[in-house]
*Asks:* 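Below: one structure in structure tokens.
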Amino acid sequence: MVYIIEDKCDYCGICVSVCPPNVIELKENNIKILEGCTDCKLCVYVCPYKAVKENERRI
Amino acid sequence: MKEEYDVIIVGGGPGGTTAAYYAASGGAKVLLLEKKRDIGFPVRCAEGVGEAGLKEFLNPDPKWAVNKINTYRLIAPDGNIVTVKNKEAGYILNRRVFDYMLAERASEMGAEILTRMYVNGIIINDRTVSGVRCEYLGKKFSIRSNIVIGADGVESRVGRWCGIKTNIKLRDIETCVQATISSKKIESDKIDFYFGKKIAPGGYVWVFPKGKNLANVGVGIAGIYTKNPERKSPLDYLNEFLNKHYPDASILTRLAGGVPCAEGLKRIVADGLMLVGDAAHQANPVTGGGIVNAMKAGRIAGKVAAEAVLKQDFSEKMLREYPKQWNNTVGEINKKFYRMKKVIFGFSDKSLNAIAKSFNETSPENLTIKDIFVGALKKHPPLVIDALKVFK
């Protein structure tokens with residue numbers, strides 16, 4: 001799954017714009033990934049500040 | 001604030017405030033909700049608009065139209081400069097002031113505006129949109145309306161809550177970082193665009209001077225170039241560009257953002273719902289310019305909303321007047337630009353260098369933007385026809 005490093009985030013909304021299941025909630029200076037993430041990673045790719053990261057997979 | 005309105009507009013950018021202005025001037029009771037603390041801030045935008053589009057709405061006022069420029073420079077990857085002296089000027093806006101002014105106009109026309117109102121859902125009754133759910137300072141409540149206009153920007157969720165897929169495809173998103181810089185090297189009478197795979201893959205770098213020693217500088221790269229985890233971010237590209245061209249620059253503001261450079265959504269209305277601006281993917285797919293397009297869409301949507309209120313008919317069928325008028329005007333132009341975009345941003349650095357060279361060898365004087373498009377696309381005759389049509 002992916003997570004957002006808020007210290008890097010600019011709250012620009014580009015991750016929200018590409019999110020297929022529409023599960024990123026962005027308020028003025030507050031962002032969270034809601035339930036329903038499909039792990040498609042589009043938000044990881046497009047983030048201008050590389051503020052969205054993938055969790056290491058644990059076996 | 002009342003419990004019920006004719007029209008609720010989500011988003012206080014130029015699309016939303018223009019829709020509010022025209023809906024209110026047609027007699028509708030309008031409420032506009034902006035999630036941020038301020039209208040017009042932060043400015044996620046390059047702040048450039050074309051003269052003709054702007055003047056359809058307003059006479060440029062130096063309070064917010066801070067620079068007027070006729071000279072455009074297109075800089076090839078090898079540094080060759082193609083200079084265009086265009087008849088139509090480009091205006092550089094101060095969006096903080098511009099957006100405020102648009103909101104004031106809408107308010108004077110009777111629209112109510114509230115900031116820090118976060119819309120977190122849409123009320124749907126009998127498959128018809130009938131209001132919004134929102135949050136204000138931690139308090140959650142609903143406001144009813146017959147029409148909701150989603151002008152909630154690139155990060156739009158309003159359409160998706162109503163079953164319209166507005167999420168942007170990777171191939172259609174430009175990921176951007178921009179800065180307002182102060183530098184003695186800025187030439188305030190020229191707008192510059194830099195192209196090249198090493199400068200801005202699938203996009204460009206812009207330098208839009210806002211006055212003496214001040215410019216909005218940014219880079220946009222296409223989403224398809226972002227999949228490699230080792231990739232450079234737009235921020236890396238911007239820093240490299242500034243180090244090379246404006247090493248003395250102070251950065252007064254820096255922002256990230258996304259721009260939909262898409263063909264335009266097929267469906268932008270539903271029962272009780274209209275989408276406007278970036279939320280409807282209405283920016284120009286080649287330039288990413290979206291201010292005037294959003295205002296044009298907002299004007300149509302606002303008028304149609306007022307008409308729907310007069311007739312008390314909020315059905316999709318009634319609201320389809322908006323996409324009809326949009327498709328016949330800017331929508332059709334954007335489709336042509338989208339076809340051109342696919343070729344233009346596919347050019348290799350070698351081709352871009354050759355195109356620039358040929359312009360400078362044959363007709364360096366009196367080049368227009370139209371000449372540039374026609375010349376660059378000459379190996380693609382159907383696109384030349386598109387270019388001739390959009391730059392009549």
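Letters A, B, ... mirror the listed sequences (proteins, then strands); counts begin at 1. Quick caveat: nothing in here was measured; it's all calculated off a predicted structure. Atom set for the values below is all heavy atoms of this structure, side chains included, hydrogens, waters and symmetry mates excluded.
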*Asks:* Are side-chain heavy atoms of B/Thr115 and B/Lys36 found at a separation under 4.5 Å?
*Replies:*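 Side-chain contact under 4.5 Å: no.
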*Asks:* What I'd like to find out is whether the side chain of A/Ile5 reaches to under 4.5 Å of the side chain of A/Lys53, using heavy atoms alone.
*Replies:*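 They are in contact (side-chain heavy atoms under 4.5 Å apart), so the answer is yes.
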*Asks:* With chain A, which of B/Ser156, B/Pro260, B/Gly258, B/Ala279 has the greatest number of heavy-atom pairs at distances under 4.5 Å?
*Replies:*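 The residue among B/Ser156, B/Pro260, B/Gly258, B/Ala279 with the greatest pair count is B/Gly258.
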*Asks:* What orientation do B/Phe195 and B/Phe345 show, parallel under 30°, tilted 30 to 60°, or perpendicular over 60°?
*Replies:*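 Correct class here is tilted.
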*Asks:* Could you look at B/Ile173 and say if it's the side chain, the backbone, both or neither that has a heavy atom under 4.5 Å from chain A?
*Replies:*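 The side chain, not the backbone.
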*Asks:* Are the side chain of B/Asn239 and the backbone N or O of B/Asp236 linked by a donor-acceptor pair below 3.5 Å?
*Replies:*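 The answer is no, because no donor-acceptor pair under 3.5 Å joins these two groups.
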*Asks:* Checking side-chain contact (heavy atoms from CB on, under 4.5 Å) for the pair B/Asp152/B/Lys35: CA distance, chi angles, key distance, verdict?
*Replies:* CA-CA 9 Å; B/Asp152 49 337; B/Lys35 81 172 171 214; over 6 Å; no
*Asks:* Applying side-chain hydrogen bond (donor to acceptor under 3.5 Å, both in side chains), run through B/Asn293 and B/Gln282 and close with a yes or a no.
*Replies:* CA-CA 6 Å; B/Asn293 283 4; B/Gln282 289 169 332; over 6 Å; no
*Asks:* Quick check on the interface: out of A/Asp10, A/Val16, A/Asn22, who has the most heavy-atom pairs with chain B under 4.5 Å?
*Replies:*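 Result: the option with the highest number of such pairs is A/Asn22.
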*Asks:* For B/Arg231, which atoms come within 4.5 Å of any heavy atom of chain A: side chain, backbone, both, or neither?
*Replies:*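 Answer is both: backbone and side chain atoms of B/Arg231 are under 4.5 Å from chain A.
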*Asks:* Between A/Val46, A/Asn29, A/Val44, A/Leu42, which shows the greatest number of heavy-atom pairs under 4.5 Å with chain B?
*Replies:*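 That would be A/Val46.
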*Asks:* Under 4.5 Å from any heavy atom of chain A, what part of B/Glu174 do you find: side chain, backbone, both or neither?
*Replies:*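 For B/Glu174, the contact with chain A is made by the backbone alone.
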*Asks:* Checking heavy atoms, do the side chain of B/Arg157, its backbone, both or neither come under 4.5 Å from chain A?
*Replies:*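 The answer is both parts of B/Arg157.
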*Asks:* Can you tell me which portion of B/Leu255 sits under 4.5 Å from chain A's heavy atoms? Options are side chain, backbone, both or neither.
*Replies:*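 Both the backbone and the side chain of B/Leu255 come within 4.5 Å of chain A.
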